[in-house]
Each structure stands twice: as C-alpha cells, then as structure tokens.
2 protein chains.
Amino acid sequence: MTAKTTEAVDDYLKAILELSGPAAERVTSNALAAHLDVRPASVTGMLQKLAEQQPSFVKYEKHYGVRLSELGKRRALEVQRHHRLIERFLHDVLDFAWDEVHEEAERLEHYISERLEDRIAAKLGFPETDPHGHIIPEKDGEVAERKEIALSQWPCAVPAVISSVSDRDPNALREMKRMGLVPGTGLIVKPGTRYASLLVRIGAQAPTRLSRELASGIKVVERRTLTGNARG
Amino acid sequence: MTAKTTEAVDDYLKAILELSGPAAERVTSNALAAHLDVRPASVTGMLQKLAEQQPSFVKYEKHYGVRLSELGKRRALEVQRHHRLIERFLHDVLDFAWDEVHEEAERLEHYISERLEDRIAAKLGFPETDPHGHIIPEKDGEVAERKEIALSQWPCAVPAVISSVSDRDPNALREMKRMGLVPGTGLIVKPGTRYASLLVRIGAQAPTRLSRELASGIKVVERRTLTGNARG
DNA sequence: GGCCGAAATTAGGCATGCCTAAATCATACA
DNA sequence: TGTATGATTTAGGCATGCCTAATTTCGGCC
C-alpha cells in the first residue's frame with residue numbers, strides 16, 4: 001500500500017527511475033530539471049520535501065543527488081506500468097497511432113485505479129511490452145531485464161533486432177514507422193563514417209542512411225536474444 | 001474552443017448544471033457547497049473568481065446565486081459527456097459493474113482528450129445513454145430531452161418505465177440491480193401509504209415494498225414514451 | 001592552498017483552492 | 001418597524017508546486 005502521491009510527485013519519481021538507469025545511480029537536480037522542464041530550484045524544493053516525509057520515497061543528499069527508496073521505486077514502477085498499459089490499450093483497442101499514445105498516457109497514468117489497471121491488463125491478455133517495445137513492469141514490481149543498447153553504439157556487421165524506440169517525439173515516431181523501424185525489425189549497421197548518420201540495412205530493404213538523431217532513439221539487442229515479446 | 005479549466009472549475013460547472021435543472025434556475029452557494037462537499041465560503045471565493053474572468057463561465061450575483069453562461073454550459077456538458085461515455089465504456093468494454101463506474105469516471109472525465117473521447121464514442125457505436133440511463137450529451141452540446149419524473153412523485157396505477165437511476169450511491173445501485181430496478185424495467189405504483197415506502201410491482205414480479213430512500217434515486221417516464229434507448 | 005565556473009540551494013513570491021472565524025445581508029415574523 | 005435566523009460574504013491562513021534572484025558549495029586547475 002504505497003502512500004498517497006500527487007501528479008507532480010509521481011512525475012518526479014518516474015523521472016528519477018528513468019534517469020537513474022538499470023544501476024539505480026544517483027540523479028542530479030539539473031538532470032531532473034531538464035527532464036521535467038522545470039527550474040533546478042524547484043527540483044531542490046521538491047526533493048527536500050520528499051526526503052523529509054516519513055516514510056520517504058527518496059534518499060536525498062544535499063549537493064550529491066537523489067535516488068529512489070524501495071517505496072519510491074515501487075511507486076515509480078507502478079506509474080510506469082500504468083503508462084505502458086495505457087499506451088498498449090489505446091493502440092490495440094482504441095486505434096490510436098503509435099505516435100499518439102504517449103501524450104494521452106502521460107496524463108492518464110496518474111488517474112487510473114488499481115481496478116482499471118487490472119481490467120486493462122486482463123483485456124489485453126497481460127501484454128509484456130508497450131507499442132514502442134518498452135517492457136511493462138509486473139504488478140508486483142518485477143521487471144523482465146533485457147540488455148538493450150543504443151543503435152548508435154551497436155557494432156558494424158553484427159545482426160541486431162530493434163527492441164524499443166523512444167516515444168517522446170511523435171515526429172520521430174512517424175518517421176521511424178515510415179522507414180520500417182519498429183520493434184522486432186532486424187537490421188545490420190554497415191561499415192562507414194558514423195558522424196552524422198549511419199548506413200543501415202533495415203530488414204530486407206536496401207541499405208539506408210539513418211540520421212544520428214533518429215538512431216539515438218532506437219535501442220537494439222542481438223539478433224537471436226530477442227525473446228519474441230516485442231510486437232511489430 | 002472553450003477556455004482552459006481546472007478539475008475544480010469543471011466540478012463547479014458540472015454541479016451548477018446538475019443543480020439548476022432543465023429550467024437553468026439560479027443555484028445557491030449553499031446548495032453548491034453541499035453538492036461539492038466544500039464549505040460555503042469556498043464556493044463564494046470560487047464563484048467570484050469565475051465571474052471575474054473574461055470570458056466568463058458563470059453569471060453571478062452576490063447573495064442571489066449563480067447560473068451558467070453559454071460558455072459555462074458548453075463546458076459543463078462536455079464534462080458530463082465525458083463522464084457518461086466513460087461510464088458506458090468501463091461497463092461495456094472493461095466489465096465494470098454498474099456500481100463501480102461512477103467513481104472511476106468522476107476522476108477520468110477531467111483528463112481525457114478530444115481524441116480519446118471520440119474514439120471511445122466510436123468504439124461504443126455512439127451510445128445515447130450511460131449504464132444508469134442518463135442521456136449522453138452530443139458533442140455539439142445538444143441534449144435529447146426527456147420529461148422524466150422521480151418515482152416518488154409518480155401517480156398510482158399508471159404504467160411507468162424506469163428511465164434512469166442515480167449513480168452516486170454504490171450500495172443503492174447494488175440493491176436496485178438485485179431488485180430488478182434497472183433502466184427499461186416497467187413498473188406500477190400500487191395504492192397505499194407513501195410515507196416511508198412505496199408498494200410497487202416491478203416488471204412481472206409480485207408487488208414489493210420500496211424504501212423512500214431507494215425510490216428517491218429512480219426516475220421514470222410513462223410506459224409508452226420511452227424511445228427505446230435505455231438498455232436493461 | 002586559492003580561485004573559478006558550474007551546479008545546487010536559499011530566500012522570497014505567486015496562483016490555486018481549500019479552510020475557520022467573524023462580519024453582513026435578506027427575509028420572515030412579531 | 002424591529003429583530004432573529006439562516007444564508008452568504010469577507011478576512012486571514014495553509015498546503016502544493018511553480019517561479020526569479022541571490023547565495024553557497026563542489027571540484028578541477030594553477
């Protein structure tokens with residue numbers, strides 16, 4: 001039974017979860033401010049308030065950054081589960097395009113009840129990923145791990161499969177779909193300069209140039225390790 | 001394009017709409033306070049702020065009550081449309097019981113986009129009523145009128161059909177369902193005292209006693225005037 | 001060890017929307 | 001025509017969560 005949160009608190013916890021990465025490293029006020037589009041001073045204020053609470057969602061050390069407590073992590077994962085379930089629901093049941101779901105889910109994730117969360121999951125057959133390939137945390141907070149890597153870091157000539165794509169830029173998402181860059185698609189990075197763009201063979205198509213910007217939003221895994229959860 | 005509102009403002013507008021009735025009469029601060037579960041002083045403050053805005057959602061006269069402006073009415077109907085569409089969606093698509101939908105819709109109604117509203121309506125085939133029989137306003141603000149009357153005021157021996165029931169008390173709703181008191185059900189009020197309870201024949205059942213409390217949440221129309229929209 | 005720039009924090013404010021307590025208004029009734 | 005009573009409004013506060021401006025801390029570099 002996690003303590004009561006506001007929309008703002010949820011957003012902070014989710015941001016800390018996303019910025020701290022798999023290793024749960026400390027997150028700086030500045031990084032949070034940039035991610036939340038808020039002034040650093042506001043972040044300090046919020047973190048202090050959160051850290052004072054008993055029980056607390058975060059462990060906060062002045063000048064050294066913040067990380068989630070167990071409680072905070074549980075809440076952040078719950079909100080993330082809401083977000084991703086809602087995205088899949090909007091996409092699969094209500095015919096939203098994959099570039100439309102993020103904005104809607106971003107609002108609704110704070111306001112659905114446990115009951116609605118459960119009914120949505122059941123209706124969908126307990127899906128494992130959202131439309132962009134992100135893994136949906138289990139209700140108990142478990143997250144199936146996957147060692148995905150940014151496409152921009154992937155070595156040449158090694159067959160890869162897209163595991164997930166960033167959902168924060170609708171234009172990029174439309175462009176990706178147009179090029180066939182969706183979770184589950186196989187690709188190979190061709191040798192050549194990697195400065196402004198990558199030469200990539202997408203699926204069975206002829207090799208294409210991919211802007212660094214677009215590539216930065218794409219994560220991949222090795223060809224044979226994809227467990228088959230990601231849907232096209 | 002109605003101006004931007006907060007959840008609190010939406011709740012005030014909806015409350016004014018519901019309390020002012022079909023004739024759009026003035027609503028008193030006290031009535032609003034009771035309906036919104038807020039102190040009268042808070043209502044005064046909010047109404048003053050709303051009335052000051054340009055353009056304004058309300059027409060407010062000190063000491064004499066408030067009514068909606070055209071703008072306010074449009075927004076109130078939009079929120080009501082959201083609420084009722086969501087109720088039907090939760091009920092029909094996500095297997096919510098009819099006593100569970102109100103609470104969830106009460107929150108979500110403020111946070112769904114136009115797009116989601118439209119997709120929900122389309123998915124449902126543009127329904128005319130919510131699970132409790134209330135008419136869903138059209139997107140343009142039109143409301144199919146219906147001269148329904150509280151069951152407690154209905155004359156004896158005249159065949160009636162339940163048009164709608166109040167959705168604010170889950171216990172009452174469960175009790176109604178158990179007794180077969182759902183929209184579309186026919187009934188006849190038997191002669192007798194109407195002090196604490198009514199003697200009513202529900203559908204084809206033997207006459208039953210109905211507490212005044214339960215009856216107060218039920219609205220009816222004359223048997224042959226129901227246009228067939230309400231579902232059992 | 002001291003200095004500098006970036007990062008972070010403190011200080012003081014603002015808007016929303018609620019509260020309680022203390023006036024004030026409207027009105028019915030004697 | 002007063003006056004009591006209930007409805008309503010005013011006055012002053014509190015919590016949330018954001019802001020800007022000013023100050024402090026951190027950490028690398030000379």
Side-chain angles (χ1 to χ4, degrees), chain A residues 2-16 19-20 25-68 72 75-76 79 106-107 109-111, chain B residues 2-16 19-20 25-68 72 75-76 79 106-107 109-111:
Chain A
T2 73
K4 209 169 66 238
T5 57
T6 63
E7 174 165 353
V9 170
D10 278 351
D11 284 340
Y12 275 84
L13 298 180
K14 208 173 49 143
I16 297 169
L19 292 174
S20 64
E25 287 152 13
R26 284 181 312 211
V27 176
T28 66
S29 299
N30 249 11
L32 275 175
H35 193 269
L36 292 167
D37 195 20
V38 139
R39 286 315 116 109
S42 306
V43 172
T44 299
M46 179 60 103
L47 292 183
Q48 287 177 343
K49 201 166 37 178
L50 286 179
E52 276 166 20
Q53 287 182 349
Q54 235 9 276
S56 178
F57 289 113
V58 301
K59 284 173 233 153
Y60 171 58
E61 285 174 282
K62 251 188 204 178
H63 294 286
Y64 283 93
V66 68
R67 59 182 64 189
L68 295 174
R75 177 59 189 168
V79 176
E106 194 68 14
R107 248 175 306 114
E109 62 185 8
H110 307 290
Y111 301 108
Chain B
T2 73
K4 209 171 64 240
T5 56
T6 63
E7 174 166 353
V9 170
D10 278 351
D11 284 339
Y12 275 85
L13 298 180
K14 209 175 48 147
I16 297 169
L19 291 173
S20 64
E25 288 154 10
R26 282 183 313 211
V27 176
T28 66
S29 299
N30 249 12
L32 274 176
H35 193 270
L36 292 167
D37 194 21
V38 138
R39 287 314 116 109
S42 305
V43 173
T44 299
M46 179 61 104
L47 292 183
Q48 287 177 342
K49 200 166 37 177
L50 286 179
E52 276 165 20
Q53 286 181 350
Q54 233 12 273
S56 179
F57 290 113
V58 301
K59 285 173 230 150
Y60 171 57
E61 285 175 282
K62 251 186 205 181
H63 295 286
Y64 283 92
V66 67
R67 59 182 63 189
L68 295 174
R75 176 61 190 168
V79 177
E106 193 68 15
R107 247 175 307 116
E109 63 186 7
H110 307 290
Y111 301 108

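Residue numbers begin at 1 in each chain, while the letters A, B, ... track the order of the sequences. Reckoned from all heavy atoms, side chains included, excluding hydrogens, waters and symmetry mates.
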Quiz item: Do A:Val58 and A:Ile16 come within less than 4.5 Å of each other through their side chains, counting heavy atoms only?
Solution: yes
Practice problem: Apply side chain to side chain contact (heavy atoms under 4.5 Å, CB included) to B:Thr6 and list each qualifying residue two or more places apart in sequence or on a separate chain. | Solution: B:Ala8, B:Val9
Exercise. Using side-chain hydrogen bond (donor to acceptor under 3.5 Å, both in side chains) as the criterion, list what pairs up with B:Glu7, not counting sequence neighbours.
Key: B:Tyr111
Quiz prompt | Phosphate contact (C:dA8 OP1 or OP2) by A:Gln48 side-chain N/O below 4.0 Å | solution = no
Quiz prompt | Test salt bridge (charged side-chain N to carboxylate O under 4.0 Å, His left out) applied to B:Asp11 - qualifying residues, sequence neighbours left out | solution = none
Quiz item: Over how many whole Å does the gap from B:Leu50 atom CG to D:dT9 atom C1' extend?
Solution: 16 Å
Quiz item: So what does B:Ser29 touch, heavy atoms closer than 4.0 Å: a base, only the sugar-phosphate, or nothing?
Solution: sugar-phosphate
Practice problem: For the side chain of B:Lys62, starting at C-beta, report the closest nucleotide among C:dT9, D:dT10, C:dT10. | Solution: D:dT10
Exercise. Please report how far the helix from C:dG1-D:dC30 to C:dA30-D:dT1 bends, comparing the axis fitted to its first five pairs with the axis fitted to its last five, to the nearest 10 degrees.
Key: 30°
Practice problem: Respond yes when some side-chain nitrogen or oxygen of A:Asn30 is under 4.0 Å from OP1 or OP2 of C:dA8, and no when none is. | Solution: yes
Self-check item: Under the salt bridge (charged side-chain N to carboxylate O under 4.0 Å, His left out) test, residues paired with A:Arg67 that sit two or more places apart
Solution: none
Self-check item: B:Glu106: partners by salt bridge (charged side-chain N to carboxylate O under 4.0 Å, His left out), with sequence neighbours left out
Solution: B:Lys14
Exercise. Quick one, give me the B/S/- string for nucleotides 13-24 of chain C, reading 5' to 3', where B means a protein heavy atom under 4.0 Å from the base and S means that only happens at the primed atoms, P, OP1 or OP2.
Key: ---SSSBBB---
Exercise. Give the rounded distance in Å between these two atoms: OH of A:Tyr64 and C1' of D:dT24.
Key: 13 Å
Quiz item: Which value, rounded to the nearest 0.5 Å, describes the distance between B:His110 atom NE2 and B:Asp10 atom CG?
Solution: 5.5 Å
Self-check item: A:Glu61 CD to C:dA7 C1', straight-line distance once rounded to whole Å
Solution: 16 Å
Exercise. Calculate the interatomic distance between B:Arg26 atom CZ and D:dT8 atom P; express it in whole Å.
Key: 11 Å
Quiz item: Which residues satisfy the ring pair (Phe, Tyr, Trp, His ring centres under 6.0 Å) test with B:Tyr60, sequence neighbours excluded?
Solution: none
Listed pairs under 3.5 Å, donor-acceptor, residues 26-53 of chain A side chains, sequence neighbours left out:
unit_1: A:Arg26; atom_1: NE; unit_2: A:Tyr64; atom_2: O; d: 3.2
unit_1: A:Thr28; atom_1: OG1; unit_2: A:Ala31; atom_2: N; d: 3.1
unit_1: A:His35; atom_1: NE2; unit_2: A:Arg168; atom_2: NH1; d: 2.8
unit_1: A:Thr44; atom_1: OG1; unit_2: A:Pro40; atom_2: O; d: 3.4

